[in-house]
Amino acid sequence: MRNLLPIIRTNDSHPGGRSALTCRFRCGDACFHEVPNTTANPYVGDVIAGALSRRSVMRAAAVVTAAAAAGTAATVAAAPQAEAATADRGHRPSSKGARGLRFTPVAPNTNDAVTVPDGYGQNVVIRWGEPILRGAPAFDPENQTAKAQAGQFGYNCDFLALLPLPGEYGRQILVANHEYTDEILMFRGYDAANPTREQVEIAWAAHGLSAVVVEGERKTGKLVPVPRHPLNRRVTATTEFRVTGPAAGSDLLKTSADPTGTKVLGTLNNCAGGTTPWGTTLHGEENFNQYFANGTRATDKRYGVTATGTERKWERFDKRFDVAQEPNEVHRHGYVVELDPYDPHSTPRKRTALGRFKHEGATVRLTEDGRPVVYSGDDERFDYFYKFVGSKRMKKGSGRAVREHNLSLLDEGTLYVAKLTGDSPAIEIDGTGKLPGDGEFDGSGEWIPLATATTDGAVSHVEGMTAEEVFVFTRLAGDKVGATKMDRPEDVEPNPHTGKVYVALTNNTNRGKTGYAGVDEANPRNSNKHGQVLELTERWNRADSTEFAWSLFLVAGDPNDPATYFAGFPKDQVSPISCPDNVAFDPYGNLWISTDGAQLGSHDGLFGVATRGERRGELKQFLTVPTGAETCGPIVQDRRVLVAVQHPGEVDGASVEKPASAWPDGPGKFVRPAVVAVWRKDGCDIGV
Ligand code: FEO
Ligand code: CA
Ligand code: CA
Ligand code: CA
């Protein structure tokens, strides 16, 4: 399909790799603003001593534990292949591959379409504006109302979860995040300087979450929504939330509308998320700062809250978005929220024990004795990644008491931040991406405790901060303990097959620039445009360990670029990849990576890569998304792949009148963010 606007190569104009429109509406132009982390924390390369021997011990221990768990040493991750990469032959990923990854890779392209491998089919599952609640009208973008939007699927779908629906054959509950709104693509003739109240209220209703029951077609992977199902639900920027955990009721959270500090209206900028083993969903509140105006305190600055007015000007319509008038409302956003999709009348909760920062997502695994561990990245240049270790055990069963117990699991436990140490001499990390002498960017790390929440109260582990302050100003706690400044930590997710944890680090074009932190072994490239994926092995493979080993699994980019690394796999046989963002695992333990802001001339995409065996590191592109879009929320099941196509048509200069994309409904229609299902036309499993 022809592009209606020329594709603008955004890397020339914009440092973060996205279009200026994306920056404006998604993250409040974060990349144009000062980096909020101005602390002088030590970097990975500063601390080298003794790491090598400790790392070797940890590695060996992890291997033994994993082998014992699997019953055979043969299933343990093989060492990376030793063959040198031969980038100069051009890359030729093959249609063969590890189980789950046997498909003909999609070539890099700029199609205004979702492009899938040969032999695969697709359908649009649900679009922005489709009615899901009883009484909601059909989508009419020329006459949209806030009331209509509140019963319809929201804008800019990001994280996706699919939960089983026992007793309803072929049906599941789809839960989606709606990260933000692109007013300029939603409203004809949008006047950014003077938004109307109706437009603002439509935007409030288009944020938040959707739960919608979906039904699979028997012979294909096609998935369709079931409108008006009693479990269908919308949560918006005005839905009531209960604050739970150590900061609930804190003075820092009290406002004139809520003197209890326990009831918050809405969730904002929900990016990635996770599904819990007890059947709920978690949603990270990411760039919440951009909705708040006139924040002048040091804490506001550390969170990137502007000292002036905001892009969407919500502060004109509700004073809670004006920090000068309502100083604590901003402290009530930036959490992980938990939704119980099986109870459409339940009050969703903000879990303060998981800390307050720009949560990209939140993914859960259990300790050996059944306590939850939640990993979460803070998506900002030079910020940190975290883990929460719960102190209460999950109960099995489905009774009301069991469910209530499990809904309290994320309120008690310890929050940690990651500190990484490289094992190569600092001089060998020269900023070009050249591998150090030991052949790997790797080292050891520790989880530094920040605060512990218990039934009897909370205890701070950070000098000079109360526990309450740690949970509300978590970034400042990370600063104080010297956490490692990373290249935008996005999705963090444990591999259910091996326990190894993968951290997507999207990019950081400020790395190494004057006035900013230099390279270290975990963030080894100056002006890092393409990002990397870190593989973390908890000591003894125990989820609650406070020590870990790490190595860079992927150093992304054009495989012809010597500054790339694909776990040692021959680089002439992999797909190019840039800006890793969301990650997921398929049933075989392969890692799937979606990208945001790819800088190699292709549209964003979804890639699969083997994490084990002799094909470890073989990365193959599975699909690409339309013009201006980002690939989000991947779910990879045996027979179906699901992605959220977020912000299609979000290209500089685009508007309703001048669309940059005609997806998904063709020319003359509004561009609409949507969820897409992909399956194999012959009915067989994906990639086998
Ligand atoms: Fe919402 Fe970090 O991307
Ligand atoms: Ca090394
Ligand atoms: Ca993201
Ligand atoms: Ca994920």
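Counting starts at 1 for both ligands and their atoms, in listed order.
Nearest N/O/S atom of Asp423 relative to the Ca ion (ligand 2): this is OD1. In Glu521, the N, O or S atom that comes nearest to the Ca ion (ligand 2) is OE2. Looking at Glu440, its N, O or S atom nearest to the Ca ion (ligand 2) turns out to be O.
Ring geometry for His647 against Tyr180 counts as tilted: the plane angle lies between 30° and 60°, on a 0 to 90° scale. Note: Phe292 and Phe321 have tilted aromatic rings, judged against thresholds of 30 and 60 degrees for the angle between ring planes. Between His178 and Phe153, the ring-plane angle classifies as perpendicular under the 30° and 60° cut-offs. The aromatic rings of Trp447 and Phe548 sit tilted relative to each other, their planes meeting at an angle between 30° and 60°.
Under the 6.0 Å cut-off for aromatic ring centres, Tyr335 and His333 do not qualify, their centroids lying 6.0 Å or more apart.
The distance from the Ca ion (ligand 2) to the nearest N/O/S atom of Asp442 is under 3.0 Å. At least one N/O/S atom of Ser424, from backbone or side chain, sits under 3.0 Å from the Ca ion (ligand 2).
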**Message:** Please evaluate residues Glu538 and Lys500 with respect to the criterion salt bridge (charged side-chain N to carboxylate O under 4.0 Å, His left out), reporting the C-alpha separation (whole Å), side-chain torsions for both, the decisive distance (0.1 Å), and the verdict.
**Reply:** CA-CA 7 Å; Glu538 300 277 19; Lys500 286 177 189 285; over 6 Å; no
**Message:** Checking Glu311 against Arg24 for the salt bridge (charged side-chain N to carboxylate O under 4.0 Å, His left out) test, could you report, in this order, the C-alpha distance in whole Å, the side-chain angles of both residues, the deciding distance, and whether it holds?
**Reply:** CA-CA 7 Å; Glu311 168 66 35; Arg24 185 173 150 197; 2.8 Å; yes
**Message:** As a quick check of understanding, evaluate ring pair (Phe, Tyr, Trp, His ring centres under 6.0 Å) for Tyr291 and His207, giving each step before the final call.
**Reply:** CA-CA 12 Å; Tyr291 303 95; His207 275 72; 5.3 Å; yes
**Asked** Does the pair Arg302 and Asp383 meet the rule for a salt bridge (charged side-chain N to carboxylate O under 4.0 Å, His left out), with working shown?
**Response** CA-CA 10 Å; Arg302 183 64 183 87; Asp383 252 294; 2.9 Å; yes
**Request:** Test Lys358 against Asp379 for salt bridge (charged side-chain N to carboxylate O under 4.0 Å, His left out), laying out the working first.
**Result:** CA-CA 6 Å; Lys358 294 187 182 181; Asp379 181 10; over 6 Å; no
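Within the protein, the number of N, O or S atoms lying under 2.8 Å from atom 2 (Fe) of ligand 1 is 4.
For the pair Arg475 and Tyr303, the distance from NZ or CZ to the six-membered ring centre is under 6.0 Å and the angle to the ring normal is within 45 degrees.
A salt bridge links Asp596 to Arg26: one of the charged nitrogens lies within less than 4.0 Å of a carboxylate oxygen.
Closer than 3.0 Å to the Ca ion (ligand 3) sit the protein N, O or S atoms Glu360 OE2, Asp581 OD1, Asp581 OD2.
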